[in-house]
Asks: 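Once you've had a glance at the structure underneath, I'll fire off some questions.
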Number of protein chains: 2
Amino acid sequence: MNGQFQIAMHILTLLSKQPDELLSSAYIAGSININPVLVRKEISNLRSFGLIESKEGKDGGYSLGKPAHQITLADVYVAVKNQSALGQAKNMPNPACPVGKQINGHLNNLALEVDTSIINKLSKTTLAAFSDQFE
Amino acid sequence: MNGQFQIAMHILTLLSKQPDELLSSAYIAGSININPVLVRKEISNLRSFGLIESKEGKDGGYSLGKPAHQITLADVYVAVKNQSALGQAKNMPNPACPVGKQINGHLNNLALEVDTSIINKLSKTTLAAFSDQFE
DNA sequence: TGTACTGTAATTTATTTTATTACAGATGAA
DNA sequence: TTCATCTGTAATAAAATAAATTACAGTACA
């Protein structure tokens with residue numbers, strides 16, 4: 001996996017800290033220290049999950065799509081995760097081998113279980129709780 | 001993350017299925033369908049964790065380092081994982097921003113908790129149990 | 001109508017992963 | 001002893017993925 005989760009959490013934390021104003025991608029990018037286009041791209045994704053709202057045009061910017069206490073870290077994880085926490089091999093196991101023939105199925109089942117347990121764990125913390133840790 | 005876990009599980013499953021003979025890296029690579037050097041490299045890692053034993057020279061090859069029922073999937077995960085399941089951002093957050101200054105600490109704590117819960121989960125399944133799923 | 005934003009596509013650069021080549025060293029058998 | 005067959009590992013190349021950058025159309029406000 002990459003740094004998408006961290007970036008997403010950074011964005012959402014900033015927004016939760018300043019709920020009364022719209023933050024621009026340039027401002028957010030300045031805090032994270034990455035390119036503003038990446039911020040807009042990630043926000044575009046988070047918005048599709050209802051976690052962020054945006055306003056275009058002059059004085060436009062971003063705000064949370066719902067209250068921070070209604071967003072769990074599992075919501076964020078699901079929004080950014082594009083593969084299992086166990087990773088994903090890209091080989092094609094040999095179908096002539098009894099193990100090779102079946103292993104992907106068994107590994108996928110395992111991956112599903114693990115991912116479910118992660119989501120379970122993360123669903124217990126809200127963005128509000130995470131954000132309150134900051135002094 | 002990459003496909004290391006899957007590769008490691010494939011290797012270990014093969015070894016657990018044929019506990020009475022040494023398997024060569026070429027044979028193992030043939031079942032996984034990857035390059036034999038990658039197999040040897042991954043085994044070199046797993047061996048450093050005591051999960052596999054090897055014998056050099058003619059008629060050499062690999063076998064489990066301990067009985068399959070004494071190896072848990074958490075052992076495998078710990079051996080191959082080189083970063084958190086939540087990923088790792090490589091930006092340097094702006095220290096002049098209150099959020100930027102603290103976020104890495106908070107995210108790392110979270111990552112630790114999640115990783116611990118994965119290990120917890122995986123420690124409940126042994127390689128023997130995983131391997132027994134294959135008909 | 002100008003200014004300051006977002007939205008997104010296209011491209012480049014950097015990084016990581018996987019594959020390959022090469023060869024020294026170990027072991028067993030003819 | 002010498003050959004064949006393995007492991008162990010380094011070095012390199014190729015492929016895939018992630019991040020950064022450039023560019024610009026569209027929107028909204030003053």
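All chains are named by letter (A, B, ...) in the order of the sequence lines, taking the proteins before the strands, and each is independently numbered beginning at 1.
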Asks: Do B/Lys81 and B/Ile118 touch side chain to side chain, with heavy atoms closer than 4.5 Å?
Replies: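 With C-beta onward as the side chain, the pair stays apart.
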Asks: Report the residue (A/Ile34 or B/Ala26) whose heavy-atom-nearest nucleotide on DNA chain D is the more 5′ of the two.
Replies: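 Between the two, 5'-proximity favours B/Ala26.
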Asks: To the nearest Å, give me how far apart CD (A/Glu42) and C1' (C/dT6) are.
Replies: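 Checked: the CD to C1' distance equals 16 Å.
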Asks: Are any of the side-chain nitrogens in A/Arg47 or A/Glu53 under 4.0 Å away from the carboxylate oxygens of its partner?
Replies: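 No.
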Asks: Would you please confirm or rule out a distance under 4.0 Å between OP1 or OP2 of C/dG7 and any side-chain N or O of A/Tyr62?
Replies: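 So the side-chain polar atoms of A/Tyr62 do come within 4.0 Å of the phosphate oxygens OP1 or OP2 of C/dG7, strictly under.
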Asks: For A/Asn33 and D/dA20, what is the distance between atoms CG and C1' respectively, to the nearest whole Å?
Replies: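 Value for this atom pair: 12 Å.
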Asks: Answer yes or no: does a side-chain N or O of A/Ser44 lie under 4.0 Å from OP1 or OP2 of C/dT8?
Replies: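 Yes, A/Ser44 has a side-chain N/O under 4.0 Å of OP1/OP2 on C/dT8.
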Asks: Could you tell me if B/Gln88 and A/Gln6 have a donor-acceptor pair between their side chains, going purely by distance under 3.5 Å?
Replies: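 Result is no, nothing qualifies.
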Asks: Nearest whole angstrom, please: distance from the C1' of D/dA18 to the CZ of A/Phe5.
Replies: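 After rounding, the reported distance stands at 19 Å.
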Asks: Does any non-hydrogen side-chain atom of B/Tyr77 lie less than 4.5 Å from one of A/Leu86?
Replies: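 SC-SC contact between A/Leu86 and B/Tyr77 confirmed.
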Asks: Closer than 4.0 Å, any side-chain N/O of A/Lys90 to the OP1 or OP2 of C/dT17?
Replies: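 False: A/Lys90 side-chain N/O out of range (4.0 Å or more) of C/dT17 OP1/OP2.
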Asks: Quick one: B/Asn2 CG to C/dT15 C1', roughly how many Å, whole number?
Replies: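 The distance from CG of B/Asn2 to C1' of C/dT15 comes to 13 Å, rounded to the nearest Å.
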Asks: Counting only side-chain N and O atoms of A/Ser54, is one of them less than 4.0 Å from OP1 or OP2 of C/dG7?
Replies: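 So the side-chain polar atoms of A/Ser54 do come within 4.0 Å of the phosphate oxygens OP1 or OP2 of C/dG7, strictly under.
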Asks: Starting at the 5' end of nucleotides 22-30 of chain C, put B wherever the base has a protein heavy atom under 4.0 Å, S where only the sugar-phosphate does, and a dash everywhere else.
Replies: B--BBBS--
Asks: Give the intermediate values and the outcome of side chain to side chain contact (heavy atoms under 4.5 Å, CB included) for residues B/Phe134 and B/Lys17.
Replies: CA-CA 9 Å; B/Phe134 292 75; B/Lys17 283 291 185 191; 3.6 Å; yes
Asks: With a 4.0 Å cutoff (strictly under), does any side-chain N or O of B/Asn35 reach OP1 or OP2 of C/dT20?
Replies: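 Yes, such a contact exists.
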Asks: May I ask you to evaluate whether A/Ser25 reaches the phosphate of C/dT6, defined as a side-chain N or O under 4.0 Å from OP1 or OP2?
Replies: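 Yes, because at least one side-chain N or O of A/Ser25 sits under 4.0 Å from OP1 or OP2 of C/dT6.
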Asks: Whole-Å distance between C/dG7 P and A/Asn45 CG?
Replies: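 Answer to the nearest Å: 13 Å.
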Asks: Rounding to a whole Å, what distance do you find between B/Asn82:CG and C/dT16:C1'?
Replies: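 It works out to 11 Å between those atoms.
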Asks: Just how far, in rounded Å, is C1' of C/dG7 from CD of A/Glu53?
Replies: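 Interatomic distance, CD of A/Glu53 to C1' of C/dG7: 17 Å.
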Asks: Round to a whole Å and report the spacing from CD of A/Gln4 to P of C/dT16.
Replies: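 These atoms are roughly 16 Å apart.
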Asks: May I ask you to say what B/Ile43 touches in the nucleic acid, namely base, sugar-phosphate or nothing, with a heavy-atom cut-off under 4.0 Å?
Replies: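 No contact.
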Asks: If only side-chain N and O atoms count, and only distance matters, is there a donor-acceptor pair under 3.5 Å linking A/Asn94 with B/Ser31?
Replies: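 The criterion, which ignores hydrogens and geometry beyond distance, is not satisfied for A/Asn94 and B/Ser31.
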Asks: Can you give me the closest heavy-atom contact between A/Ser123 and A/Thr72, atom names plus distance?
Replies: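 The pair with the smallest heavy-atom distance is O-CG2, 3.7 Å.
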